[in-house]
Every structure is written in structure tokens, then in C-alpha cells.
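The structure appears below as C-alpha cells.
Ligands are counted one by one from 1 in listed order, and the atoms in each one are counted from 1 as well.
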Amino acid sequence: MLERRHRIRLGVTLAAVALAVVALGGCGDSTGPDNGQNALRPEGPYSEKILNLFVPFFWIAVVIGIGVVVGTVFVAMRFRMKPGEDPMPKQTHGNTVLEVGWTLIPALILAVMAVPTVAVIFDLADQPKGKDVVEITVSGRQWWWQFTYDNGIVTANEIHIPAGVPVALTLEGPPACVNAGFEPAGTGTGGSCYDNGVNHSFWVPALNGKKDIIPGRQSFLKLEADKPGTYLGQCAEYCGMSHANMRMRVIADTPADYQAWVDRQLKPWSAQATQAFAPINKKWGCLGCHSADPEKPGSIAPNLTHLADRCKFAAEMFTLDEDNLTEWVHNAPGMKPFGPFAAAMPSFEEQGMTVQEANQIAKFLLENTGTSGSVPPAECN
Ligand code: CUA
């Protein structure tokens, strides 16, 4: 008997320690780590509304949860069978007050919680309209983001928005099954349909909740940042081998900085740059997939017109520098987990490109596609 009691006590102690470790492990910082993707650190009015809803409901749930656990433990201790007791307890049937109580009280709590919840749902679903509103169409691709602004700019993976101004996003998949015109090495796709138009989910936690992107349908989401800064996000719906590396960056600028960025983005390449790129494109066919027109999307790949104005490339996977870009141009699949199954860009090494040629292309892009005065731009730091 003593033996058994010891074992139970040991078990209870171990369980309590394990629970404490798990519970305390989440308490490094009262509002979680500052990793730039934290819904508990809202940086705009929409994300703030979500947090303001979440926090009181969380504490209500904590109080109810503690009540249930304490009540359960109390009843188990207080009414357990004692030595010499009749093993058959007193039988009761029905208790109207209790039954009505435990039905009505939760129903009331839920009804009260529903009022602000429904209000916030409608509030967040209301798309901003007006002259100041920036409208951007977001296309979820395998595996990167294409952004098309109402003012014509087409960019990838990184967007600039004016701080303190609502941004209306229209979310959609690729136009149709995208034909790459080539077969990514080793995929056996026959070069038929590269981007399968799968579901993605757009999520920048500091600026709003997430919204799925479903091919063939449009959905809407809005963003607003209180102040200038960088807000990170990533795809939140499994979409294939590179899902985990499908990130994005929102850079909120002052209105003046934003306008300056827009003006720079609308500028095409210089005549010299266009001329210098012609033989490269002729040999390797870059513009078969990419675009070098600031207002034209690439067929399956990011617009390169202002590549060096971005902080990173390959859906924010790599810092934009000469070494990384050379390696990427030479053998993109070699830089990604799952290789050709995760990179739309083929291996040009397999097509006979030398490292020197790849380096020339990388240098060309770094020297000709940046407009902010530094590569990467100052706001990346
Ligand atoms: Cu796109 Cu996950």
C-alpha cells in the first residue's frame, strides 16, 4: 500500500514539474519574442482590434479554466472513497437548479462575447475606400508574392506602403495554370504547368489577421501601419515544398518617402542598361519568365526592374548581395531545400552557364536595378 502511494506521489510530482516547465517556457517575455511576426505586438489599427478582442477573452477563459480544474480536483479529493466506506455512493437523479445553471451561464457568456466579436468581424471585412487608399493586388505564387499597385508598379515579395494610410489588398491566385515553357530539372513535369495555383495565405501579423488566397476567387484584406517601420509576414497555408520559405516584407514609409519610392519604382531601366542586358537575355532567356518593365508582371517569375531596391530575394530567403545572387543565377535549385521541387528558377549551371557568367549577370542586376542610393537600401537595416 505504502509502495503504491509513493509511486503516485512521484507521478504527481513529475507531472507538476513537466507542466511548470512547459508553462514557464512560454514566459520569456510577457508579450512574446520580438521576432517581427508577433500578433501580440500590433503595429496598426486592425491588428490592435484583434488583440483588444483576444486579451479579455483570454482572461475570461483563464478564469473559467482555473475554476473547472480546481472544482474537478476539489471534488475528486473531497468525495473520494475512504477506507471502510460503502463502495456504492448515494444515488441522485436530476438537479434542476444545477442543470439550468450550467446551460444558461455558458450560453450567456458566449452571447455577451459574440457582440464585440461580430462587430470586429464586420469592421475588419469592411474594405477601405477613398482617394488616399492605396490599392494593391496580391498574387500568391509558387513560391513568392507578386504585388501590383493601382499606380501601375509591379513588384515582388516586398511592398512599401505609406504609414497611417489604409491599404486595400485584393488577394488572388495566378491567372491560370502557368506554363513555364521549360521543365525544371528533375521534376518530370514535361514543362506543362508550372505554377499549379494552389492555396496560399497572406499574413503580416503586426498589421492584420490572415486571409487565404484561393485560385479562381478574389478575397480582400486591409493593412495599416501606425508608424514607419518594417513588418514581416509569411505564407500561412501549406502550398508545396517551399511553403516555409515564402515570406514577405512590408515597409511603411512616411508619406513623402513613399511618394519618392513610387516615383523611383515607375522609372524604367536606362537605355544603356537595356542595351547591356540584351545579349544576356538573348543567351539565357531571362525575360521569358521575368520582366524588366516596371509595370509588367513576369510570366512566372518576379519583376526584376528594381530588384536591387529590395532587401532580400527568393521570397525573402537570401540577402541581396553579389555572392548570393551569383550563386542563385548559377544554380537556384541548389540553394533551396528540396532543390528543383522548390525553386521555379532552373539550374543554369546545367545549361552550361559558368560561374563567371553568373557573376556578370548578378553584378549587372546589382548595379542597374537599385535606385535608392545603396544596395541593399538603407531601410533594410
Ligand atoms: Cu504559399 Cu504556403
Side-chain angles (χ1 to χ4, degrees), residues 35-39 46-47 50 136-149 154-159 161 167-180 184 186-187 189 192-223 230-251 289-291 297-304 307 310-320 328 332-346:
N35 57 11
Q37 291 191 178
N38 191 337
Y46 311 133
S47 47
I50 296 172
I136 305 174
T137 300
V138 180
S139 181
R141 311 300 293 265
Q142 280 179 310
W143 290 270
W144 57 286
W145 304 92
Q146 179 156 277
F147 299 103
T148 308
Y149 285 66
V154 179
T155 187
N157 307 319
E158 297 183 12
I159 48 173
I161 62 171
V167 177
L169 302 179
T170 302
L171 309 175
E172 56 184 35
C177 164
V178 177
N179 188 341
T187 57
T189 55
S192 51
C193 178
Y194 183 72
D195 193 320
N196 293 312
V198 299
N199 291 3
H200 302 273
S201 184
F202 184 95
W203 195 25
V204 182
L207 302 184
N208 202 346
K210 68 177 84 149
K211 187 62 86 67
D212 276 7
I213 299 182
I214 297 156
R217 273 200 235 168
Q218 280 191 332
S219 42
F220 301 94
L221 189 71
K222 53 186 175 181
L223 300 179
T230 294
Y231 309 101
L232 304 178
Q234 68 184 74
C235 181
E237 174 70 42
Y238 181 72
C239 55
M241 290 307 207
S242 238
H243 158 69
N245 292 310
M246 188 170 166
R247 301 175 201 157
M248 72 198 99
R249 176 183 299 250
V250 176
I251 297 159
C289 298
H290 295 280
S291 167
S299 60
I300 65 154
N303 187 312
L304 295 179
L307 173 71
R310 300 177 199 144
C311 301
K312 298 196 168 197
F313 70 98
E316 302 295 287
M317 205 173 168
F318 306 108
T319 301
L320 195 66
W328 181 259
M335 289 176 83
K336 278 200 163 187
F338 309 111
F341 298 99
M345 180 107 156

*Does K222 offer a backbone N or O that forms a donor-acceptor pair with the side chain of N208 under 3.5 Å?*
yes

_salt bridge (charged side-chain N to carboxylate O under 4.0 Å, His left out) partners of residues 199-212, not counting sequence neighbours, each pair once_ = none

*Is a side-chain donor or acceptor of E316 paired with a backbone partner of R249 at a separation under 3.5 angstrom?*
no

*Is E158 reaching over with its side chain to a backbone N or O of K312, donor-acceptor style, under 3.5 angstrom?*
yes

*asked:* Using only atom types and a distance under 3.5 Å, with no angle test, would you say the side chain of S242 pairs donor to acceptor with the backbone of A342?
replied: yes

*With atom 2 (Cu) of ligand 1 as the centre, enumerate protein N/O/S atoms below 2.8 Å in chain and residue order.*
C235 SG, E237 O, C239 SG, H243 ND1

_Donor-acceptor check, side chain of S47 to backbone of A206, threshold 3.5 angstrom: yes or no?_
yes

